[in-house]
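See below for the structure under consideration.
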Amino acid sequence: MNKSKLVAILGGLGIILAGCGGFVYTSVGGTVTGLGTTGANSVILMNEQNFTRTLTADGPFSFNVASNANYSVVVYSQPNLVNCTVANGTGKMTGEGALNNILVTCVPNVPVSGTLSGMADSGAITLNNNTVNPATSVATDKTMSLSANGAFQLTNYVVSGYRYNVTVAMPPAAQYCTVANGTGVADNKYPNAINNVAVSCVPAVPVKVTVNGLTAGNTLTLSNATTAKSTADTLAISTIGIYNFGWSLLNGMTYAVTVATQPTGQTCTVQNASGVADITKPDAASNIVVNCV
């Protein structure tokens with residue numbers, strides 16, 4: 001069958017369906033602005049049928065839709081450098097004409113940068129940036145690891161108007177790190193304002209445990225309730241040996257190690273479980289012993 005005959009048949013079918021109270025397919029779409037033309041940004045749109053369109057530059061877009069159907073176009077995946085919102089994204093088709101009034105507008109996000117100092121050679125630190133959408137109170141956590149002192153910029157930018165909170169997710173071994181100037185509200189009118197986050201690290205007391213008697217194939221979970229952080233520091237252990245908790249302690253910080261999850265068919269107890277970190281006598285926090293029988 002040649003192309004002209006196929007088009008005629010499909011066109012006739014559409015007329016028949018329309019005449020019988022059915023529908024034909026048309027399109028719904030619009031334009032996106034603010035992505036730029038370099039391809040550095042990529043936004044994914046999704047319609048009510050879960051079909052997607054990936055856009056990398058300003059310009060038009062469209063989805064197929066039935067002439068009498070409801071439609072909904074939303075942002076499925078945001079770019080990193082800009083944040084995109086949809087206007088006129090929902091409605092109901094009332095005819096066979098294409099609809100092109102959906103507006104996707106993208107505005108710049110805000111970079112977060114600063115300096116890291118005091119970390120020991122060959123150390124590594126993981127930072128977390130918690131951002132909160134003021135309209136929904138939904139929080140999002142993004143982490144980034146650093147392996148050298150000096151200037152840094154977090155890989156994930158912050159949506160303008162969102163609150164950010166940069167904290168230490170995991171410090172370097174045998175060090176304790178603090179963050180200054182780590183909280184605020186991003187504003188893309190001042191894109192270079194969040195450039196003074198200061199992360200500082202100093203020597204600290206490691207908390208070590210020696211695990212004895214754990215049967216091969218079993219898993220033991222230990223918990224350290226410490227004033228070094230707001231939540232307990234945990235360790236999952238699957239073989240005997242000496243282990244460091246992730247967080248080391250400043251002088252005067254307390255620790256209290258307990259068994260969070262016992263291994264199958266065994267009972268583990270903790271000796272020398274609690275104490276106070278003393279930078280002049282660090283060995284005390286390394287004398288914790290877990291015996292499993």
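Nothing here was measured: the structure is a model prediction, and the numbers come from that model. Computation of the quantities below employed the complete heavy-atom set of this structure, encompassing side-chain atoms and omitting hydrogens, waters and symmetry-equivalent molecules. Numbers here simply count residues along the sequence, with the first being 1.
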Discussion item. For the OG1 atom of Thr26 and the CG atom of Leu99, what is their distance to the nearest 0.5 Å?
Written reply: 8.5 Å

Fill in: Chi angles and distances behind the side-chain contact (heavy atoms from CB on, under 4.5 Å) call for Asn47, Val65
CA-CA 9 Å; Asn47 73 354; Val65 64; over 6 Å; no

Worksheet item: Between CG of Leu154 and OG1 of Thr131, what distance do you get to the nearest 0.5 Å?
Response: 11.0 Å

Worksheet entry | Pair Asn83-Ser160, side-chain contact (heavy atoms from CB on, under 4.5 Å): steps then yes or no | CA-CA 8 Å; Asn83 186 70; Ser160 184; over 6 Å; no

Practice prompt. Would you check, one step at a time, whether the test side-chain contact (heavy atoms from CB on, under 4.5 Å) holds for Asn291 with Val289?
Written response: CA-CA 6 Å; Asn291 292 314; Val289 179; 3.7 Å; yes

Worksheet item: Less than 4.5 Å apart, any side-chain heavy atom of Val75 and any of Leu45?
Response: yes

Discussion item. When you compare the side chain of Leu35 with that of Val104, does any pair of heavy atoms fall below 4.5 Å?
Written reply: no

Worksheet item: Is Val168 close to Val179 at the side-chain level, that is, under 4.5 Å between some pair of heavy atoms?
Response: yes

Discussion item. Name the residue from Asn128, Asn156, Thr167 that meets the side chain to side chain donor-acceptor pair (under 3.5 Å) definition with Asp141.
Written reply: Asn128

Worksheet entry | Heavy atoms of other groups near Lys229 NZ, more than 12 under 6.0 Å | yes

Practice prompt. Please test Ser145 against Thr126 for side chain to side chain donor-acceptor pair (under 3.5 Å), starting from the C-alpha separation and ending with a verdict.
Written response: CA-CA 4 Å; Ser145 295; Thr126 301; 3.1 Å; yes

Discussion item. Looking at Ile240, I want to see if its CD1 is surrounded by more than 12 non-hydrogen atoms of other residues, nucleotides or ligands under 6.0 Å.
Written reply: no

Item to complete: Could you tell me whether the side chain of Asn41 and the main chain of Pro79 form a donor-acceptor pair under 3.5 Å?
Response: no

Discussion item. Is the shortest side-chain heavy-atom distance between Thr140 and Tyr162 below 4.5 Å?
Written reply: no

Worksheet entry | Close side-chain approach of Val28 to Ile102, heavy-atom, < 4.5 Å | yes

Discussion item. Within the structure provided, determine whether Thr54 and Ser42 are in side-chain contact (heavy-atom separation under 4.5 Å).
Written reply: yes

Worksheet item: Are side-chain heavy atoms of Leu222 and Ile237 found at a separation under 4.5 Å?
Response: yes

Worksheet item: Looking only at side chains, do Thr85 and Thr105 share a donor and an acceptor under 3.5 Å apart?
Response: no

Worksheet entry | Same apolar cluster (I L V M F W Y, side chains within < 4.5 Å links), Leu127/Val158 | yes

Worksheet entry | Sub-4.5 Å side-chain heavy-atom contact between Phe63 and Ser27 | no

Fill in: Donor-acceptor pair between Asn218 and Gln266 side chains, under 3.5 angstrom
yes

Response to the item:
d(Thr115 OG1, Asn195 CG) to nearest 0.5 Å is 10.0 Å

Worksheet entry | Path from Tyr157 to Val159 over hydrophobic side-chain contacts below 4.5 Å | no

Discussion item. Check this for me: Lys92, atom NZ, are more than 12 non-hydrogen atoms of other residues, nucleotides or ligands nearer than 6.0 Å?
Written reply: yes

Worksheet, complete the sentence: In this structure, OH of Tyr255 is separated from OG1 of Thr226 (nearest 0.5 Å) by 10.0 Å

Worksheet item: Going through the checks in order, is the side-chain contact (heavy atoms from CB on, under 4.5 Å) test met by Val257 and Phe245?
Response: CA-CA 10 Å; Val257 177; Phe245 278 95; 3.8 Å; yes

Item to complete: Determine whether Tyr243 and Val270 fall in the same hydrophobic cluster, where Ile, Leu, Val, Met, Phe, Trp and Tyr are linked whenever their side-chain heavy atoms lie under 4.5 Å apart.
Response: yes

Discussion item. Rounded at 0.5 Å granularity, tell me how far CG in Leu81 sits from SG in Cys106.
Written reply: 11.0 Å

Practice prompt. Answer yes if Val185 and Ile194 sit in the same cluster of Ile, Leu, Val, Met, Phe, Trp and Tyr residues linked by side chain heavy atoms under 4.5 Å apart, and no otherwise.
Written response: no

Item to complete: Determine yes or no for a side-chain-to-main-chain donor-acceptor pair under 3.5 angstrom, with Gln175 supplying the side chain and Ser248 the backbone.
Response: no

Worksheet item: Quick one: CE on Met170 to OG1 on Thr143, what's the gap to the nearest 0.5 Å?
Response: 11.0 Å

Discussion item. Hydrophobic cluster membership, with links at side-chain heavy-atom distances under 4.5 Å among I/L/V/M/F/W/Y: are Val259 and Leu214 in one?
Written reply: yes

